[in-house]
Amino acid sequence: MTQISDKPFHKSLGAATLLLRGPRRFWRHEFLPLLANLQVAIALLLVIAFFSIAGTVIEQGQSWDYYQEHYPEHPALFGFLTAQVLVAMGLDRVYSSWWYLTLLMLLAASLMACTWTRQMPMLRVARRWFYYQKPESIAKLPLHWAITQDTDSGIESLGQILRQRQFQVFCQEGRLYARRGLVGRIGPILVHVSLLLILAGAVWGATTGFLTQALVASGETFQLAQVLERGPWARIPQNWQVRVNRFWIEYSPSGAVEQFYSDLSVVDRQGQELKRETIQVNRPLRFDGVTFYQANWDLAAVKFTLNQSPVLQLPLTKLRSPQNGSQVWGTWIPTKTDLSAGVSLITPDMQGTFLIYDEAGQLQHTTHLGEGITINGITLTLREVVGATGLQIKSDPGVPLVYLGFALLMAGVVMSYVSYSQVWALTLNGVLHVGGKTNRAAVHFAEELGAIAETIPAAAPGTPIAHP
Amino acid sequence: MDLIGIQNILDNGAFATLLLTMALFWLGLAAPQTKLFTQLGTVGMAIANLGLAALLLARWLEAGYFPLSNLYESLLFIAWGVTLAGLGFQSQYPRVQDWIGSVTAPVALGIVAFAALSLPPSMQTAQPLVPALKSNWLMMHVSVMLLSYAALMTGSVVAIAFLWVTRGQSQVVLKGNSLGIIGSSSSGGLGLGDTLDNLSYRAIGLGFPLLTIGIVSGGVWANEAWGSYWSWDAKETWSLIVWLVFAAYLHTRITKGWQGRRPAIIASCGFLVVWVCYLGVNLLGKGLHSYGWFF
């Protein structure tokens with residue numbers, strides 16, 4: 001029936017000699033069975049798991065200098081792992097290395113081979129049910145009972161009970177077949193197919209998608225001119241641009257960041273607005289197959305007035321503390337027209353508090369946006385901090401395929417939890433033979449079928465058996 | 001209502017209850033003829049489960065969002081999940097109640113002890129959520145992941161119990177296995193080894209779909225939030241490793257001639273892998289999943 005007959009691995013070792021006899025024969029009788037071999041599949045899963053660890057231990061995607069610093073020649077880690085070896089083996093980019101991708105391709109091949117040569121035939125067998133004709137066949141089942149009867153109605157009451165327990169029952173001329181949980185047979189097939197869909201979607205996305213980043217100050221417009229990464233068949237839209245109307249940060253009363261916002265407009269070449277949306281973390285803007293994610297931020301400039309001057313603007317520079325890595329933004333504002341004197345302006349965030357230092361590096365004032373302060377006889381009023389939004393821009397045409405795979409995968413694994421249970425029965429010479437088997441919840445099924453067998457009325461002289 | 005005070009009572013209470021529960025189950029194993037120990041142990045497990053649920057609920061009320069924002073809360077949630085799995089499987093497999101309790105109670109106890117006793121108070125207080133976590137996906141993704149860890153850990157420790165029970169037997173003949181083939185023909189009455197083996201299989205069979213749904217929901221969330229459903233971040237990669245190890249386990253169960261101890265050995269390795277994925281990656285403190293943990 002649906003037993004899995006596994007060819008032992010060692011029998012496939014004669015593959016090389018068979019290769020000489022003909023490629024087709026090799027393919028069908030040696031290569032496919034080897035790919036579909038369960039032991040090979042298990043080994044493949046564990047090997048992929050093992051090699052995946054490498055990328056979580058070694059920093060990925062760093063520069064050559066980084067690896068040279070951390071994996072020196074003397075002393076080499078474990079006696080061999082120098083920067084040269086590491087990079088040559090692709091351990092700096094494990095998940096895009098040729099050997100990792102080969103393993104994934106082998107997994108995909110194994111999934112296909114297994115689904116095609118093993119699961120589909122098994123499902124076909126499962127759908128084609130049959131009656132057992134001999135009591136000996138039933139006695140070979142993992143669970144079986146022989147109940148003496150004085151009428152032939154026992155098998156019908158068994159069928160009735162099984163129907164109540166959601167079995168699909170077939171009953172004819174003193175023979176019975178019942179099954180439950182065929183979805184448990186379909187589930188694993190669905191899982192395999194969905195994994196293939198996800199892998200295919202990933203390949204499709206990698207070849208036709210692109211990824212880039214942009215740091216854009218409020219009020220500026222940018223176009224998708226250069227991208228960081230692109231697949232060989234990627235299409236990069238050129239007929240529209242994106243304008244950052246405003247970037248701002250919402251702070252909680254305690255000063256912690258609540259949320260980042262970017263008000264974005266998609267505009268065509270004539271400057272016509274096509275779409276406008278305010279994005280935040282977890283809420284991107286989608287347009288023409290391209291998605292804009294809130295990913296990063298920066299401060300671009302500060303606007304201020306000196307006495308009654310028009311609003312002036314100076315760029316802010318990000319400064320990082322060498323001690324603890326905390327960052328601040330700063331600029332220098334001249335307070336004399338010949339630039340011979342000025343103050344340094346420092347702000348830690350976008351909340352509008354500024355520290356003003358004199359030329360000697362002494363803290364002079366703490367000021368807020370809109371407050372005027374007098375320095376060297378000049379009134380400096382800070383008007384606005386211009387933020388810059390860091391956008392992650394991505395196009396991944398493989399996502400629909402991957403999402404379809406995700407949906408089927410979830411359905412498939414849930415279905416795979418269901419036990420596929422079968423019951424056979426046969427009335428012969430006044431004895432009802434009942435047997436059954438299941439593939440997953442063995443303990444539960446043994447108890448269930450045992451309880452059912454006990455409720456079937458056994459022969460008791462003179463007792464009429466209720467006909468259902 | 002003093003929620004902080006209640007929380008302190010509840011986490012210490014859960015710890016004490018689980019300690020007592022573990023002792024009762026172990027006594028029940030040592031003295032199988034006295035059913036009282038196991039029955040009291042089950043009551044203790046239920047009290048611990050309710051106590052942990054009340055604790056999480058109190059934090060939910062206090063913070064105003066689902067209590068899965070830091071390590072302390074996620075540990076308590078996992079401990080709650082383990083006690084829930086323990087209770088659930090005890091009712092499904094009444095004949096091995098003592099074994100289920102004896103292995104799940106120490107796991108839950110260890111987790112609660114780590115959370116309540118060794119984490120500094122600063123890490124126990126609820127922190128405001130960072131912007132990236134302000135999403136309904138948080139509840140879905142994190143809670144499903146943690147429940148899957150709880151179910152997988154339960155399955156793994158039962159597999160360890162199975163290895164203990166069948167120690168010294170090189171060839172374990174199981175009556176009920178995934179192939180439906182049997183060594184000897186007898187009706188009903190599966191032995192202790194069989195029952196533990198099947199229980200472990202069912203627990204992992206439950207944890208695996210949960211893990212899959214958790215990973216998928218994480219992928220969808222990441223794609224919606226960051227634009228990439230998979231970025232080979234350390235946590236993601238380790239969750240894939242967990243998935244692969246248990247996928248291998250599920251396949252060993254349908255491999256002819258591999259029933260018995262071999263799948264159980266893989267399942268018990270899975271226990272370690274789950275812990276590396278859950279805690280180890282965060283101890284490294286790298287990657288996208290370091291929010292609100294050791295930072």
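- Taken to the nearest 0.5 Å, the CD atom of A:Gln39 stands 10.5 Å off from the OG1 atom of B:Thr252.
- Counting heavy-atom pairs under 4.5 Å between each of A:Ser52, A:Ser252, A:Ser395 and chain B puts A:Ser52 at the top.
- For CH2 of A:Trp297, the number of neighbouring non-hydrogen atoms (other residues, nucleotides, ligands) closer than 6.0 Å is greater than 12.
- Comparing B:Val276, B:Val273, B:Val216, B:Ile266 by how many heavy-atom pairs each has under 4.5 Å with chain A, the most go to B:Val216.
- Ranked by heavy-atom pairs under 4.5 Å with chain B, the first of A:Val399, A:Leu409, A:Leu211, A:Val402 is A:Val402.
- The closest side-chain heavy-atom distance from B:Thr237 to A:Tyr95 is below 4.5 Å.
- Between the side chain of A:Tyr293 and the main chain of B:Asn223, a donor-acceptor pair closer than 3.5 Å is present.
- Between A:Phe445 atom CZ and B:Asn198 atom CG the span is 12.0 Å, to the nearest 0.5 Å.
- Of the residues considered (A:Gly450, A:Gly435, A:Ala295, A:Pro284), A:Pro284 shows the highest number of contacts with chain B, using heavy-atom pairs under 4.5 Å.
- For A:Phe50, no part lies near chain B; criterion is any non-hydrogen pair under 4.5 Å.
- Scanning all heavy atoms of the two residues, the minimum distance from B:Ala248 to A:Leu46 falls at CB-CD2, 3.7 Å.
- A salt bridge (charged side-chain N to carboxylate O under 4.0 Å, His left out) check over residues 200-212 of chain B, counting only residues at least two apart or in different chains, returns nothing.
- Inter-residue side-chain proximity for A:Ile53 and B:Trp238 is flagged as met; some heavy-atom pair is nearer than 4.5 Å.
- Heavy atoms of A:Ala453 lying under 4.5 Å from chain B are absent altogether.
- For B:Ser217, no part lies near chain A; criterion is any non-hydrogen pair under 4.5 Å.
- Separation of atoms OH (B:Tyr201) and CG (A:Asn439) is listed at 6.0 Å; rounding is to 0.5 Å.
- Heavy atoms closer than 4.5 Å to chain A are found in both the backbone and the side chain of B:Leu206.
- Using a 30° and 60° split on the angle between ring planes, A:His192 and B:His251 fall in the parallel class, below 30°.
- Interatomic distance, A:Ile48 CD1 to B:Ile241 CD1, rounded to the nearest 0.5 Å: 11.0 Å.
- Contact of B:Trp230 with chain A is not made at all, since no heavy-atom distance falls under 4.5 Å.
- There is no contact between B:Tyr249 and chain A, counting heavy-atom distances below 4.5 Å.
- Scanning for ring-ring contact (aromatic ring centres under 6.0 Å, His included) contacts around B:Trp258 gives an empty result, with sequence neighbours left out.
- Between A:Ile42 and B:Thr255, the closest heavy-atom pair is CD1-OG1, 3.5 Å.
- With a 4.5 angstrom heavy-atom cutoff, A:Ala441 touches chain B via backbone and side-chain atoms both.
- By the 4.5 Å heavy-atom criterion applied to side chains, B:Ile213 and A:Val414 are counted as neighbours.
- The environment of CZ in A:Phe287 is crowded: more than 12 heavy-atom neighbours from other residues, nucleotides or ligands sit within 6.0 Å.
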